Amino acid sequence: MNENKVRFREVFVLAGAYIAYGVGASFGTGIALLQYHGSLGVWGILSQLISCVLTITLIYTVTKDCGKFAMHDMDSMFTHYCGPVLGKVFRWFTVLMLFLFTGTMFSGAATTLNESYGLPISVGTVIMLIAVVATVILGAKRLIDIIGNIAPIIMVVMLIICVYSLIFHSDSLSGGSDLLRESSEAIRITGNPVVAGVMEFGQIIVLTTGYLATVAAREGTSKKEAVVGNVSGESFLFLVKIMLIFTFVLNASTIVGSSVPVVTLGTSLGGWFGKLYALILELAVYTTATGMAWQVVINVCPETSKWYKPLCVLITVGAYVFTYLGPFGILMKFVNLLSSYAGILLIVCLLFTKFFRERKLLAETASDEQEV
């Protein structure tokens with residue numbers, strides 16, 4: 001097909017799938033955004049901007065490289081950027097992180113249902129487990145189509161909460177900023193906005209690069225559609241995050257002490273809306289958990305393998321067991337920090353490849369083609 005072809009519907013689905021992949025329990029509840037950026041007050045705008053610029057650069061670079069160097073899975077991508085040995089280490093570390101994040105999604109879903117509807121946590125995790133297994137078994141193409149069409153629903157409800165909370169805010173910009181900085185020290189990732197932006201980018205690079213490589217191999221999608229779709233998705237997420245940070249600052253006294261700040265803000269629109277958002281948040285968690293669980297499975301065996309479906313069940317049940325190791329907030333902070341530090345090392349490898357190794361790789365590829 002024409003690799004420069006751009007179809008609006010395909011870009012829309014890919015952008016929606018990227019958004020849905022990134023909108024899970026951490027984003028939907030607002031806890032990760034509060035840990036990395038909101039706890040810095042207005043300085044969180046700067047840290048979020050740094051993270052976004054770095055992330056969009058990463059998405060553009062990796063998506064283009066996937067087509068240029070025929071990287072269609074996590075293994076080939078990490079080998080390209082990190083070499084055969086370190087690439088294997090990063091591949092399996094990323095698979096482990098995706099597995100742990102899947103568990104935190106289950107925990108977040110169960111906690112939300114418990115707080116909003118009084119549903120036992122064990123029941124909530126089983127419901128999410130069944131939904132994720134059923135979707136992952138369908139395979140990559142159906143998965144991207146499903147989660148890509150759910151994303152707009154999630155975003156619309158979050159925007160309603162943001163707009164309402166910005167209009168009927170409880171604090172001033174300076175007062176809310178000071179209150180968040182003082183009261184959020186325990187959950188803050190770092191007090192330096194530059195470091196916060198780089199650390200969130202480190203987390204994103206670990207969790208997203210494998211997804212980008214797999215989407216680049218999507219049947220019927222041109223290289224340009226993959227680039228435009230993924231970049232559009234991240235750009236939209238950035239705008240929503242900036243709006244959320246302002247919302248947190250202007251409503252600091254409302255969300256102080258909450259481990260689910262967006263859900264807390266949602267209840268301000270009325271008890272019924274809070275319950276509605278809890279269901280929407282379940283969709284957000286479902287989309288992210290599904291994408292992550294699928295990546296874990298396909299890195300162990302391909303969809304064509306007879307073991308694919310049994311492995312879907314085994315891995316998601318394993319992630320379910322992980323939820324019993326601690327409460328949602330503790331699990332979330334642990335995997336966020338671990339993936340952020342590993343991501344910084346991966347950034348170094350990527351930069352080294354782009355500036356020093358890539359010319360050699362291109363020359364070797366050209367030489368092999370001439371010999372053939």
Side-chain angles (χ1 to χ4, degrees), residues 18 21-27 31-37 39-40 44 46-63 65-66 71 73-83 85-105 187-216 230-231 233-234 237-238 241 288 291-292 295-296 299 331-355 357:
Y18 180 90
Y21 179 73
V23 179
S26 58
F27 183 92
I31 185 61
L33 193 67
L34 191 60
Q35 289 175 339
Y36 281 104
H37 309 294
S39 59
L40 297 171
L46 173 61
S47 61
Q48 181 60 75
L49 178 62
I50 292 170
S51 176
C52 177
V53 170
L54 292 173
T55 301
I56 287 180
T57 303
L58 166 80
I59 291 171
Y60 179 81
T61 301
V62 171
T63 305
D65 285 352
C66 285
M71 300 184 293
D73 53 37
M74 192 184 295
D75 189 31
S76 59
M77 187 209 64
F78 281 129
T79 299
H80 173 78
Y81 289 125
C82 305
V85 178
L86 191 57
K88 290 289 184 185
V89 173
F90 265 113
R91 176 198 173 180
W92 291 109
F93 176 82
T94 301
V95 170
L96 174 62
M97 285 296 97
L98 290 169
F99 172 77
L100 296 180
F101 265 103
T102 301
T104 63
M105 296 301 106
I187 65 169
R188 185 182 298 132
I189 296 294
T190 174
N192 186 307
V194 176
V195 175
V198 174
M199 287 192 71
E200 190 196 36
F201 173 60
Q203 180 216 42
I204 292 172
I205 195 173
V206 168
L207 297 178
T208 306
T209 43
Y211 172 82
L212 296 175
T214 307
V215 169
N230 290 327
V231 169
E234 173 58 30
L237 272 182
F238 167 70
K241 288 179 179 179
T288 301
M292 289 180 174
Q295 283 198 74
V296 174
N299 271 280
L331 296 177
M332 196 76 251
K333 188 172 183 179
F334 169 73
V335 293
N336 274 340
L337 282 172
L338 189 58
S339 58
S340 289
Y341 287 124
I344 291 173
L345 177 58
L346 182 55
I347 293 168
V348 174
C349 293
L350 190 149
L351 291 174
F352 180 78
T353 295
K354 295 303 296 181
F355 288 106
R357 292 181 62 240

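Keep in mind that this is a model prediction, so the values were computed, not measured.
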- Query: Just wondering, more than 12 heavy atoms not from F93 lying within 6.0 Å of its CZ?
  - Reply: yes
- Query: Is the backbone of Y81 close enough, under 3.5 Å, to the side chain of T353 for a donor and an acceptor to pair up by distance?
  - Reply: yes
- Examine distances only and state if a side-chain atom of T94 and a backbone atom of F90 form a donor-acceptor pair shorter than 3.5 Å. yes
- Message: Taking the side chain as everything from C-beta on, heavy atoms only, tell me whether W92 gets closer than 4.5 Å to V95.
- Response: yes
- Task: In sequence, state the C-alpha distance, the side-chain angles, and the governing distance for V62 and T208, and then conclude on side chain to side chain contact (heavy atoms under 4.5 Å, CB included).
- Result: CA-CA 10 Å; V62 171; T208 306; over 6 Å; no
- Hey, could you give me the CD1/CG distance between I347 and L54, rounded to the nearest 0.5 Å? 7.0 Å
- Query: How far apart are the C-alpha atoms of K354 and D65, what are their side-chain angles, what is the distance that settles it, and do they pass the side chain to side chain contact (heavy atoms under 4.5 Å, CB included) test?
  - Reply: CA-CA 10 Å; K354 295 303 296 181; D65 285 352; 3.1 Å; yes
- side-chain hydrogen bond (donor to acceptor under 3.5 Å, both in side chains) against Q48, all qualifying residues, sequence neighbours excluded: H37
- Message: Going by side-chain hydrogen bond (donor to acceptor under 3.5 Å, both in side chains), name the residues that satisfy it together with K88, two or more places apart in sequence or in a different chain.
- Response: D75
- Message: Could you check whether any side-chain heavy atom of I50 comes within less than 4.5 Å of a side-chain heavy atom of P193, counting everything from C-beta outward?
- Response: no
- Message: For T55, give me all partners under side-chain hydrogen bond (donor to acceptor under 3.5 Å, both in side chains), at least two apart in sequence or on another chain.
- Response: none
- Query: Can you check whether Q35's main-chain N or O pairs, donor with acceptor, with R188's side chain at less than 3.5 Å?
  - Reply: no
- Task: Any chance you could measure N230, atom CG, to E234, atom CD, to the nearest 0.5 Å?
- Result: 9.5 Å
- Query: Minimum heavy-atom separation for L40 to S47, with atom names?
  - Reply: CD1-OG, 3.7 Å
- Taken to the nearest 0.5 Å, the spacing of L337 CG from I189 CD1 works out to 4.5 Å
- Message: Can you tell me how far apart CZ (F334) and CG (L100) are? Round to the nearest 0.5 Å.
- Response: 6.5 Å
- Take L237 and Y18 through the side chain to side chain contact (heavy atoms under 4.5 Å, CB included) test and state the conclusion after the steps. CA-CA 9 Å; L237 272 182; Y18 180 90; 4.0 Å; yes
- Message: Checking the side chain of T79 only, and the main-chain atoms of S76 only, is there a donor and an acceptor separated by less than 3.5 Å?
- Response: no
- Message: Strictly distance-based, threshold 3.5 Å: is any side-chain N or O of T63 a donor or acceptor partner for the main-chain N or O of Y60?
- Response: no
- In this structure, CG of N192 is separated from CE of M199 (nearest 0.5 Å) by 11.0 Å
- Message: Testing the basics here: between S339 and V335, what is the closest heavy-atom pair and its distance to 0.1 Å?
- Response: OG-O, 2.8 Å
- Query: Can you tell me how far SG of C52 sits from NZ of K241, rounded to the nearest 0.5 angstrom?
  - Reply: 8.0 Å
- Distance-only donor-acceptor check, side chains S340 and Y36, under 3.5 Å: yes
- Item | Shortest non-hydrogen contact from N336 toward A32 | ND2-CB, 4.2 Å
- Query: When you look at F201 and I344, which way does the side chain to side chain contact (heavy atoms under 4.5 Å, CB included) test go after all the steps?
  - Reply: CA-CA 8 Å; F201 173 60; I344 291 173; over 6 Å; no
- Given side chains that start at C-beta, do those of F78 and L346 come closer than 4.5 Å, heavy atoms only? yes
